[in-house]
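Structure record follows, encoded as structure tokens.
Naming convention: chains lettered A, B, ... in sequence-line order (proteins, then strands); numbering from 1 in each chain. Every value quoted in this text rests on a predicted model; they were computed, and no experiment measured them.
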2 protein chains.
Amino acid sequence: MDNNLHQSFQALGDPTRLAVLEQLLKGPASVSDLAKPHPMALPAFTKHLGVLERAGLITSHKSGRVRTCAIDPAGLSALDRWFTDRRAMWEGRLDRLQTHLNAKKD
Amino acid sequence: MDNNLHQSFQALGDPTRLAVLEQLLKGPASVSDLAKPHPMALPAFTKHLGVLERAGLITSHKSGRVRTCAIDPAGLSALDRWFTDRRAMWEGRLDRLQTHLNAKKD
DNA sequence: TAAATTGTTATCCATTTGGTTAAGTTATAT
DNA sequence: ATATAACTTAACCAAATGGATAACAATTTA
């Protein structure tokens, strides 16, 4: 299995981008609206949007002179599933059974 | 709410560290055991372990000359919850209601 | 048509990151 | 007592990252 998952995690590994995502969860927004809370110049900010988009966490389309961004549910679901698929393994209750089964697989 | 969550996400934003975490989900392991699959010198590898530990995703203790690492369930649960707490917001079913409520809050 | 909005492109810069090698340190094994 | 194993510390390096400015489109708006 070839994981490119780390790219999505890396996209979340920055406070600005995490905040942008939280804001987009409330609904789509334009670049400049998204940028407002963040104390940096636009070119720096749009780079962050690029990272999120390349990571598959947001989508965007330009209409006239305004680009509107929105959450990409597929990207977030993929990350969410990474955790749900592994939750039992760190939560302890199934640890002994799980690790035993995994050991057999090696 | 002061998020240091991005630090944990950043820790997962590297293929080596993601692989280490997957391996540790199978059970605790020593540094050199963990390092074996990864084609890099030990100092580089232990830096990755340091990142994971500072991010609260793994713990470790040294016994004799061998350091044993293990998953830190609290760290993984925190990340997991970030997604589960937001799942409804990107899954669409509640989107209209959710965004409407959030709009009222602003 | 002129001016203002809303991005975009191009360069540049300091810092962080992910790696290296060399030289220790501390336990265990012979 | 020596050698080996399992890290650690220190110093260094290239490349990626997160930021800045300046200049340039391309729409609206007045």
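Two different hydrophobic clusters hold B/Val51 and B/Met40 under the rule that ILVMFWY side chains link at heavy-atom gaps under 4.5 Å. Using a 4.5 Å cut-off between side-chain heavy atoms of Ile, Leu, Val, Met, Phe, Trp and Tyr, with links allowed through other members, B/Ile58 and A/Met89 fall into the same hydrophobic cluster.
Following rounding to the nearest Å, A/Lys62 (NZ) and C/dT5 (P) show an atom-to-atom distance of 17 Å. Nucleotide C/dG7 holds its C1' atom 15 Å from the NE2 atom of A/His61, rounded to whole Å. Remark: P of C/dT16 and CD of B/Gln7 are 13 Å apart, rounded to the nearest angstrom. For A/His38 and D/dA20, the NE2 to C1' distance is 18 Å, given to the nearest whole Å. Distance B/Asp33 CG to D/dA6 C1': 11 Å, rounded to the nearest Å. The CZ-P distance, from A/Arg67 to D/dA25, rounds to 18 Å in whole Å. Regarding A/Leu52, its CG atom lies at a distance of 14 Å from the C1' atom of D/dT17, rounded to whole Å.
Ring planes of B/Phe9 and A/Phe9: parallel class, angle under 30° (limits at 30 and 60°). By the 30° and 60° cut-offs, the orientation of the rings of A/Trp90 relative to A/Phe83 is perpendicular.
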Given side-chain contact (heavy atoms from CB on, under 4.5 Å), test A/Thr68 with A/Ser63 step by step and report yes or no.
-> CA-CA 8 Å; A/Thr68 301; A/Ser63 182; 5.7 Å; no

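Proximity of B/Ser32 to the phosphate of D/dC7: a side-chain N or O atom is located under 4.0 Å from OP1 or OP2.
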List the protein contact pattern of nucleotides 18-30 of chain C with one symbol per nucleotide (5' to 3'): B for base contact, S for sugar-phosphate-only contact, - for none; contact means a heavy-atom distance under 4.0 Å.
-> BBBBB----BS--

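The closest side-chain donor-acceptor pair between A/Thr59 and A/Glu53, if any, does not fall under 3.5 angstrom.
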